[in-house]
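Positions are given from 1 along the sequence. Whatever order the structure lists them in is the order used to number ligands and atoms, beginning at 1.
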Amino acid sequence: MITKCLFPVAGYGTRFLPATKSQPKEMLPIVNKPLVQYGVEEALQAGLSDIGFVTGRGKRAIADHFDINYELEHQIQGTGKEVYLESIRKAIDECTFTYTRQSEMKGLGHAILTGKTMIGDQPFGVILADDLCCDDEDGVMGQMVKLYNQFRCSIVAIEEVPMEETSKYGIVEGENIKEGLYRVTNMVEKPKPEEAPSNLAVIGRYILTPDIFEILERTPPGANGEIQITDALLEQAKNGCVMAYKFRGKRFDCGSIDGYIDATNFCYENYYK
Ligand code: UTP
């Protein structure tokens with residue numbers, strides 16, 4: 001059974017400067033809830049209640065968010081405002097939170113490797129909270145856990161993107177097993193459109209088997225001088241099996257201004273109005 005979920009949140013969020021100068025990108029609100037809380041709720045919905053954050057400098061607000069603020073609770077007690085804290089209270093009560101720091105930003109692969117001590121020898125989920133996923137049934141991680149229970153191998157969530165956007169993503173090539181499911185045969189990090197093997201882009205949801213750590217330990221820096229999870233997954237795919245899953249639901253790239261605005265409008269229309 002998968003119980004652990006890793007949240008790499010060490011990135012600088014440069015596309016959101018100056019908003020992210022002294023606060024984490026993951027704490028930006030979509031309507032009235034920070035991005036990272038949506039991610040934790042999705043993990044919890046999938047049964048993953050051991051949450052591990054790979055943090056960096058300036059990310060303390062995340063740890064404070066997932067902790068009780070006694071002074072605030074005392075202040076609003078009996079005022080009817082307690083209801084606003086219900087969702088975060090549920091996350092705090094039902095999850096455990098662990099933190100480790102990535103001291104140098106050496107890429108997503110390196111961030112995941114930094115989480116090794118929190119994960120140990122078990123399969124685990126990875127959520128990049130800046131990709132907000134909305135699905136009213138199981139949640140995207142919930143869909144992936146079901147698949148993991150069937151295939152017992154690493155799984156990446158994918159989405160078709162316009163060909164001119166391939167250079168923003170890890171792109172997979174695979175053998176189509178059934179509707180929406182591919183066995184990965186090739187993976188390239190941020191290829192130019194003319195070099196991309198397909199338009200199937202990996203988004204910020206993964207289930208990884210723990211042998212990924214040993215592979216990451218010997219994966220040299222790749223694109224942008226960073227240790228790429230794509231390179232480690234390609235090795236897993238060549239020696240064993242990695243599945244790519246076209247998830248059900250909507251995904252918003254909240255690391256970009258346009259995606260963030262779209263997510264805000266969508267959540268406001270669908271969940272708050
Ligand atoms: P991004 O490159 O999209 O995020 O990394 P960023 O660096 O925060 O944003 P920009 O590009 O400067 O605006 C994808 C995810 O991987 C994490 C980030 O926090 C983000 O959730 N990450 C990336 C790390 O935790 N460590 C790294 O070294 C790199």
### Task
Would you mind finding which of R15, M105, K25, H110 brings a heavy atom closest to atom 13 (O) of ligand 1?
R15

Looking only at protein heavy atoms, which one is nearest to [atom], and what is the separation?
{"atom": "atom 25 (O) of ligand 1", "answer": "A10 N, 3.0 Å"}
{"atom": "atom 21 (O) of ligand 1", "answer": "P8 O, 3.2 Å"}
{"atom": "atom 12 (O) of ligand 1", "answer": "T14 OG1, 2.5 Å"}

In ligand 1, which numbered atoms sit nearer than 4.0 Å to a non-hydrogen atom of [X]?
{"X": "L108", "result": "16 (O), 29 (C)"}
{"X": "D130", "result": "3 (O), 20 (C), 21 (O)"}
{"X": "Q102", "result": "24 (C), 25 (O), 26 (N), 27 (C), 28 (O)"}
{"X": "A111", "result": "24 (C), 25 (O), 26 (N)"}

Would you call [X] and [Y] a salt bridge, using N to O less than 4.0 angstrom?
{"X": "K90", "Y": "E41", "result": "no"}
{"X": "K246", "Y": "E160", "result": "yes"}
{"X": "D131", "Y": "R205", "result": "no"}
{"X": "E226", "Y": "K106", "result": "no"}

### Query
Which bit of V9 is near ligand 1, meaning a heavy atom under 4.0 Å away: side chain, backbone, both or neither?
backbone

### Query
Which part of K106 is near ligand 1, with near meaning a heavy atom under 4.0 Å away: side chain, backbone, both or neither?
backbone

We want to know whether [X] and [Y] form a side-chain donor-acceptor pair, criterion being a heavy-atom distance below 3.5 angstrom.
{"X": "Y271", "Y": "D136", "result": "yes"}
{"X": "Y272", "Y": "N32", "result": "yes"}
{"X": "Q143", "Y": "Y245", "result": "yes"}

### Query
Short N/O distance, under 3.5 Å, between G11 and ligand 1?
yes

### Task
Using distance alone, decide if ligand 1 has a nitrogen or oxygen within less than 3.5 Å of any nitrogen or oxygen in A129.
no

### Query
Do we get K59 above F53's six-membered ring, with its NZ or CZ under 6.0 Å from the centre and within 45° of the axis?
no

### Task
Measure from atom 6 (P) of ligand 1 to the protein's non-hydrogen atoms and state whether any distance is below 4.0 Å.
yes

### Message
A quick test of your reading: do over 12 heavy atoms of other residues, nucleotides or ligands sit less than 6.0 Å from CD of E194?
### Response
yes

### Query
Can you find a non-hydrogen atom of E26 under 4.0 Å from ligand 1?
yes

### Query
So, does G107 sit close enough to ligand 1 that a heavy atom of it is under 4.0 Å from the ligand?
yes

### Query
Which residues pass the side chain to side chain donor-acceptor pair (under 3.5 Å) test with S49, sequence neighbours left out?
none

